[in-house]
Amino acid sequence: MQRLHALGWGGVVVHFRGCSGEPNRQPRAYHSGDSDEIDWILRRLKREHPERPLYAIGVSLGGNALLKWLGEREFSATRLLSGAAAISAPIDVAACGHQLARGFNRLYTRHFLRTLKRSAAIMLQRHPGLFDERRMRVANNLHDFDDVVTAPLHGFIDADDYWRRASSRPWLAGIRVPTLLLNARNDPFLPERALPGADQVAAEVTLDFPYEGGHVGFVTGRPPGSLDWLPDRILRFFTEQE
């Protein structure tokens, strides 16, 4: 946002349901493949700023949902967006889920599960009996949590069905908006083997897989380091589309 301000561009930071500090009122949350939510957000912004070019950046889970929306909508997406970027997106949700259940990543998973369970408990207070509270509280990995909460809340059969259908990777060949797909090869969430090749994505997709950068890190320079590289890379890509 600082870089946008310096360029004289407007910008909006979007929060998924339940992530803005306000509890979601409906018996649903957000999920990795929530492309309908992306569609609502982008259409609203386009209605409010019809004459301005619109660019979208999706980070981590939001990057996967944005890529899925781009691939599903194909040419209709070009009527809304002039360009897009997905940063550290878990394009293969199953590969990411299994990766997060291994080694040091389990520390992040435990932390993330605490926030998910807290939100789920608030939802149960508003909608008693929505899902099995006991199974939710004893879930010790993302697969177990998604199996009892995320999947049934959003119309999936189970966690495996959710992970398969929410992944953006099968949709990458349908993207028609100029899109930057940026993932570090050492991202601890998504194994390098899950990254797509040039023959698996549309010509409009630019693949950028630096060897280092972690998960939405891309710190450069001497310690404590600088975070300038990532916004510079994204905005350089966008200005090339003008």
Side-chain angles (χ1 to χ4, degrees), residues 1-3 13 16 19 30-33 55-68 70-71 83-116 140-143 145-146 159 162-164 166-173 175 178-202 204-238 240:
M1 294 299 289
Q2 289 176 338
R3 194 66 92 249
V13 176
F16 281 110
C19 297
Y30 65 94
H31 64 87
S32 297
Y55 298 89
I57 304 168
V59 179
S60 193
L61 180 151
N64 181 75
L66 175 61
L67 290 169
K68 186 169 176 283
L70 288 164
I87 313 303
S88 302
I91 60 172
D92 186 328
V93 178
C96 182
H98 293 308
Q99 186 81 349
L100 286 171
R102 300 188 181 104
F104 185 77
N105 286 338
R106 287 178 292 182
L107 291 176
Y108 169 81
T109 299
R110 284 199 291 269
H111 171 73
F112 189 33
L113 277 174
R114 281 196 295 270
T115 66
L116 291 174
N140 60 12
N141 56 54
L142 291 176
H143 187 276
F145 181 88
D146 287 342
Y162 160 51
W163 285 6
R164 177 180 61 81
S167 295
S168 63
R169 184 178 176 125
W171 298 98
L172 298 179
I175 294 175
T179 299
L180 173 67
L181 178 53
L182 176 63
N183 281 71
R185 295 181 184 272
N186 70 341
D187 188 330
F189 293 5
L190 185 71
E192 184 177 356
R193 65 179 181 278
L195 296 174
D199 60 334
Q200 298 170 310
V201 303
E204 290 80 2
V205 177
T206 297
L207 301 178
D208 192 351
F209 301 146
Y211 285 99
E212 297 183 343
H215 188 71
V216 202
F218 303 101
V219 181
T220 58
R222 299 175 62 182
S226 167
L227 298 177
D228 290 339
W229 185 88
L230 181 57
D232 285 346
R233 177 69 182 95
I234 296 169
L235 292 174
R236 185 169 70 252
F237 178 79
F238 285 168
E240 291 171 354

Side-chain touch Phe112/Thr109, heavy atoms, less than 4.5 angstrom: no

Greater than 12 external heavy atoms within 6.0 Å of Gln200's CD: yes

For Gly58 against Leu66, the heavy-atom pair lying closest together: N-CD2, 3.5 Å

Non-hydrogen side-chain atoms of Leu61 and Phe16 separated by less than 4.5 Å: yes

Sub-4.5 Å side-chain heavy-atom contact between Ser32 and Trp163: no

Sidechain-backbone polar pair: Asp92 side chain, Arg169 backbone, donor-acceptor under 3.5 Å: no

N/O donor-acceptor pair under 3.5 Å between Asn186 side chain and Gly213 backbone: yes

Check: Phe209 main-chain N/O paired with Arg185 side-chain donor or acceptor under 3.5 Å: yes

Validation row: Arg3, Asp232 side chains within 4.5 angstrom (heavy atoms): yes

Side chain to side chain, Cys19 and Tyr30, heavy atoms closer than 4.5 Å: yes

Backbone N/O of Leu180 and side chain of Asp208: donor-acceptor pair under 3.5 Å: no

Under 3.5 Å: donor-acceptor pair, side chain of Asn105, backbone of Gln99: yes

Aromatic ring pairing Tyr162/His31, orientation class (parallel under 30°, perpendicular over 60°, tilted between): perpendicular

